[in-house]
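Some notes on the structure that comes next.
These values consider heavy atoms only, across backbone and side chains, with no hydrogens, waters or symmetry-generated copies. Since the model is a prediction, treat every value here as computed from it, not as a measurement.
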Amino acid sequence: MSTSNVAGVLSSPEVQAFANGFPVMMLHLAVTLGMLAAAATIYALLTPWREVHLIRQGNAAAATGFAAVMVSLAIPLAVSLSVSTSLRDIVIWGVASVVLQLLVFRLVDLLLTGLPQRIERGEISAAVVLAGAKLATSLVIASALTG
């Protein structure tokens, strides 16, 4: 490929759009992943059981529940990322969806009485119900974000 051809490819609108858009995309991705990590940490601190400790001990129910929480937190954040037009938008809607979701998660935990003890005992059925409730609320919140 000749030098003029390379220069032509590098100056194409597609390459220029990528060069301009890639750093913005990486920033948006980093902020969203940071919100996901913060939300998962807050959730782990709010639960009445020590999830990470239980997971390290091999408790499959705790692992199932926490995996569902991670996916459930990621769904509205992903929607927020896809519908937002600026970093400010992503942060505002991302934080709003995470706060709302953490409140709903806590409510689900309270409604499913005896859940902490059942998770600690490793009851998969309790973890599956918890996962279903959290994924369902996540999908509703994500849909609400799209207006």
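Residue V69 is grouped with residue M35 when hydrophobic side chains (ILVMFWY) are merged at heavy-atom distances under 4.5 angstrom, including chains of intermediate members. Following chains of ILVMFWY side-chain contacts shorter than 4.5 Å, one cannot reach V52 starting from L115, and the two form parts of different hydrophobic clusters. Note on V91 and V83: separate hydrophobic clusters, where clusters join Ile, Leu, Val, Met, Phe, Trp and Tyr whose side-chain heavy atoms are under 4.5 Å apart, directly or indirectly. In the hydrophobic cluster analysis, where Ile, Leu, Val, Met, Phe, Trp and Tyr join through side-chain heavy atoms closer than 4.5 angstrom, I92 is grouped apart from V98. Hydrophobic clustering (ILVMFWY, side-chain heavy atoms < 4.5 Å, transitive): L102 and V71 are in distinct clusters.
From T137, atom OG1 reaches atom CD1 of I75 across 9.0 Å, with rounding to the nearest 0.5 Å. Once rounded to the nearest 0.5 Å, the distance linking CG of L135 with CG of L139 reads 6.5 Å. The OG atom of S125 sits 4.5 Å away from the CZ atom of R118 when rounded to the nearest 0.5 Å. With values rounded to the nearest 0.5 angstrom, L73 atom CG is found 9.0 Å from Y43 atom OH. Taking CD1 of I119 as the start and CG of L130 as the end, the distance is 5.5 Å to the nearest 0.5 Å. In this structure, the separation between CE on M25 and CG on L81 is 9.5 Å, given to the nearest 0.5 Å.
For the side-chain contact (heavy atoms from CB on, under 4.5 Å) criterion with L29, the lone passing option out of L27, V31, L33 is L33.
In this structure, S80 and I90 approach most closely via the heavy-atom pair OG-O, 3.6 Å. A74 approaches L36 most closely through the heavy-atom pair N-CD1, 3.9 Å. Residues S138 and P76 share a closest heavy-atom pair of OG-CD, 3.2 Å. For S97 against L77, the heavy-atom pair with the smallest separation is OG-CD2, 4.3 Å. Residues A44 and E51 come closest through the heavy atom pair CA-OE1, 4.4 Å. Taking each heavy atom of E120 and L54 in turn, the nearest pair found is CG-CD1, 3.8 Å.
Remark: side-chain polar atoms of N59 are not paired, donor with acceptor, to backbone N or O of I55 under 3.5 angstrom. Side-chain atoms of E123 never come within 3.5 Å of backbone atoms of A61 as a donor-acceptor pair (strictly under, hydrogens ignored).
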>> Before you tell me yes or no, could you show the steps for L46 and I42 under side-chain contact (heavy atoms from CB on, under 4.5 Å), namely the whole-Å CA-CA distance, both residues' side-chain angles and the distance that decides it to 0.1 Å?
In response: CA-CA 6 Å; L46 290 177; I42 291 167; 3.8 Å; yes
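Under a cut-off of 6.0 angstrom, the local environment of CZ in R121 is crowded, with over 12 non-hydrogen atoms contributed by other residues, nucleotides or ligands.
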